[in-house]
Amino acid sequence: MSTVAIVTAAGSGSRLGSDVPKALVPLGGVPLLLHAARRVLAAGIADLVVSAPADASDAVRALLGADQALAGARVTVVDGGPSRQASVAAALAAVGVEADVVLVHDAARALTPPDLIARVAAAVRAGHRAVVPGLPVTDTVKEVEDVAADGAARVRGTPDRARLRAVQTPQGFDRALLDAAHAAGAARAGDEALAATDDAALVEALGEDVWVVPGDRAAMKITTAEDLLLAELLLRR
Ligand code: CTP
Ligand code: MG
């Protein structure tokens, strides 16, 4: 089976508050995107499609092309879109016809261990058509509605925590299923604000099963400056 990894890196990183795109922000002196891409290659996946911010795609192409650690990889860079969903769709359109398993990974999950990436790919190859890594939730989570003028929100309910998982990437898919899920998702998402925040949700919307396998804390998403500090600690450990 032929496996391709999409690494989506087209976000601006507004919550991180940096003046360069988040994928280019250094962690231990190495841009987040390079950390992520190197770990994908270390997991045995040498075909990568990266979605980059349109105004930084040349810089991203140069960065990936010059990295000695990626010398064994075949990397294609495409322009991302206004939402994560659109950026993944743009990358998926550039995945070669021979691919039958596609992983979708966030560049922002820079320290995702190669063995987690390999486990997700293996679970898809073993026959689960949609696989996401996830961890049990330690907070009690409330569903809310009706935000009041002072910012308080009324609680609708408390889902049973034992049944919740906080999911990560890479998410792995049978290629035909991911194509169908994105085609249906693109037809629905006229409004950017309604775009899905992960690919599994698009598969769920088709009524297809999605399977959760154990995730890893090191696959944390770097969203805020505090997350970046935590990632620096994890990297040094
Ligand atoms: N992403 C993308 N295209 C977008 C938005 C996000 O490819 N239009 C990617 C990001 O580059 C990141 C992943 O999706 O690797 C998860 O998104 P997030 O952590 O929200 O990153 P940003 O959108 O860059 O950050 P923010 O929401 O704070 O602006
Ligand atoms: Mg975002």
Side-chain angles (χ1 to χ4, degrees), residues 4-27 30-41 45 48-61 63-64 75-95 102-113 116-117 120 132-135 166-173 178 181-182 185-186 188-202 215-232 234:
V4 171
I6 289 170
V7 181
T8 199
S12 60
S14 53
R15 288 169 289 180
L16 191 58
S18 116
D19 41 12
V20 296
K22 185 159 81 178
L24 303 180
V25 167
L27 165 62
V30 174
L32 295 182
L33 172 59
L34 284 189
H35 279 289
R38 288 173 182 176
R39 285 164 176 77
V40 169
L41 181 62
I45 299 168
L48 279 71
V49 181
V50 173
S51 55
D55 58 1
S57 59
D58 288 338
V60 164
R61 211 170 273 117
L63 181 74
L64 291 162
V75 184
T76 305
V77 178
V78 302
D79 288 354
S83 64
R84 182 186 182 282
Q85 181 182 323
S87 295
V88 174
L92 188 56
V95 169
V102 177
L103 301 194
V104 184
H105 190 36
D106 291 333
R109 298 183 188 275
L111 298 183
T112 302
L116 175 61
I117 300 169
V120 169
V132 305
L135 291 173
V167 304
Q168 305 177 321
T169 74
Q171 300 189 344
F173 304 93
L178 187 62
H182 268 276
R188 266 192 317 272
D191 182 354
E192 222 175 273
L194 297 178
T197 54
D198 80 343
D199 300 278
L202 301 176
D216 191 306
R217 281 177 65 86
M220 62 170 284
K221 185 158 71 73
I222 298 169
T223 306
T224 64
E226 194 180 42
D227 295 333
L228 193 59
L229 284 174
L230 177 58
E232 295 276 1
L234 287 172

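Start at 1 and go down the list; that is how both ligands and their atoms are numbered. Numbers here are sequence positions counted from 1.
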Would you indicate whether the side-chain heavy atoms of Thr223 and Leu16 approach each other to under 4.5 Å? no
Checking contacts now, so for atom 17 (O) of ligand 1, which I'm interested in, is there any protein heavy atom under 4.0 Å? no
Compare every heavy atom of Ile45 with every heavy atom of Val4, then report the nearest pair and how far apart it is. C-CG2, 4.2 Å
Subset of ligand 1 atoms that lie under 4.0 Å from at least one heavy atom of Pro82: 8 (N)
Considering only heavy atoms, does Arg84 approach ligand 1 within less than 4.0 Å through its side chain, its backbone, both, or neither? both
Heavy atoms only, cut-off 4.0 Å: how does Ala9 contact ligand 1, side chain, backbone, both, or neither? backbone
Under a 4.5 Å cut-off applied to non-hydrogen side-chain atoms, are Pro133 and Asp216 in contact? no
Could you tell me the residue and atom name of the protein heavy atom closest to atom 3 (N) of ligand 1, and the distance to it rounded to 0.1 Å? Ser87 OG, 2.6 Å
Contact check, Ser83 vs ligand 1, heavy-atom distance below 4.0 Å: yes
Distance to 0.1 Å, residue and atom name: give those for the protein heavy atom nearest to atom 7 (O) of ligand 1. Thr8 OG1, 2.6 Å
Where the closest heavy atom to atom 19 (O) of ligand 1 is concerned, which of His105, Lys221, Gln85 has it? Lys221
With atom 25 (O) of ligand 1 as the reference point, say which of Gly11, Ala90, Gly13 has the nearest heavy atom. Gly13
Residue pair Val60 / Leu24, side-chain heavy-atom distance below 4.5 Å: yes
For atom 27 (O) of ligand 1, closest protein heavy-atom neighbour: Arg15 NH2, 2.9 Å
Among Gln168, Gln171, Arg84, Lys22, find the residue that satisfies the side-chain hydrogen bond (donor to acceptor under 3.5 Å, both in side chains) test when tested with Asp106. Arg84
Would you check the N or O atoms of Ala10, main chain and side chain alike, for any that come under 3.5 Å of an N or O of ligand 1? yes
On a heavy-atom basis, the closest approach of Ala9 and Val50 is CB-CG1, 4.3 Å
Can you list the residues that meet the side chain to side chain donor-acceptor pair (under 3.5 Å) rule with Ser83, with sequence neighbours excluded? none
Does the side chain of Val75 reach to within under 4.5 Å of the side chain of Arg61, using non-hydrogen atoms? no
Atom 21 (O) of ligand 1: the protein heavy-atom neighbour that sits closest, reported with distance to 0.1 Å: Lys22 NZ, 3.1 Å
Mind checking whether Ala23 contacts ligand 1 via backbone (N, CA, C, O), side chain (CB onward), both or neither, at a 4.0 Å heavy-atom cut-off? neither
Geometry only, no angles: is Gly81 polar-contacting ligand 1 at N/O separations under 3.5 Å? yes
Taking His105 for the side chain and Val40 for the main chain, is one N or O donor matched with an acceptor at less than 3.5 Å? no
Nearest-option assignment for atom 13 (C) of ligand 1, heavy atoms, candidates Thr224, Thr197, Asp106: Asp106
Is the side chain of Ser51 donor-acceptor paired with the backbone N or O of Asp79 at a distance under 3.5 Å, no angle test? no
Logged contact type for Arg109 with ligand 1, heavy-atom cut-off 4.0 Å, is neither
Per-atom filter on ligand 1: closer than 4.0 angstrom to a heavy atom of Ser12 are 24 (O), 29 (O)
When every non-hydrogen atom of Leu27 is compared with those of His35, the smallest separation belongs to O-NE2, 2.8 Å
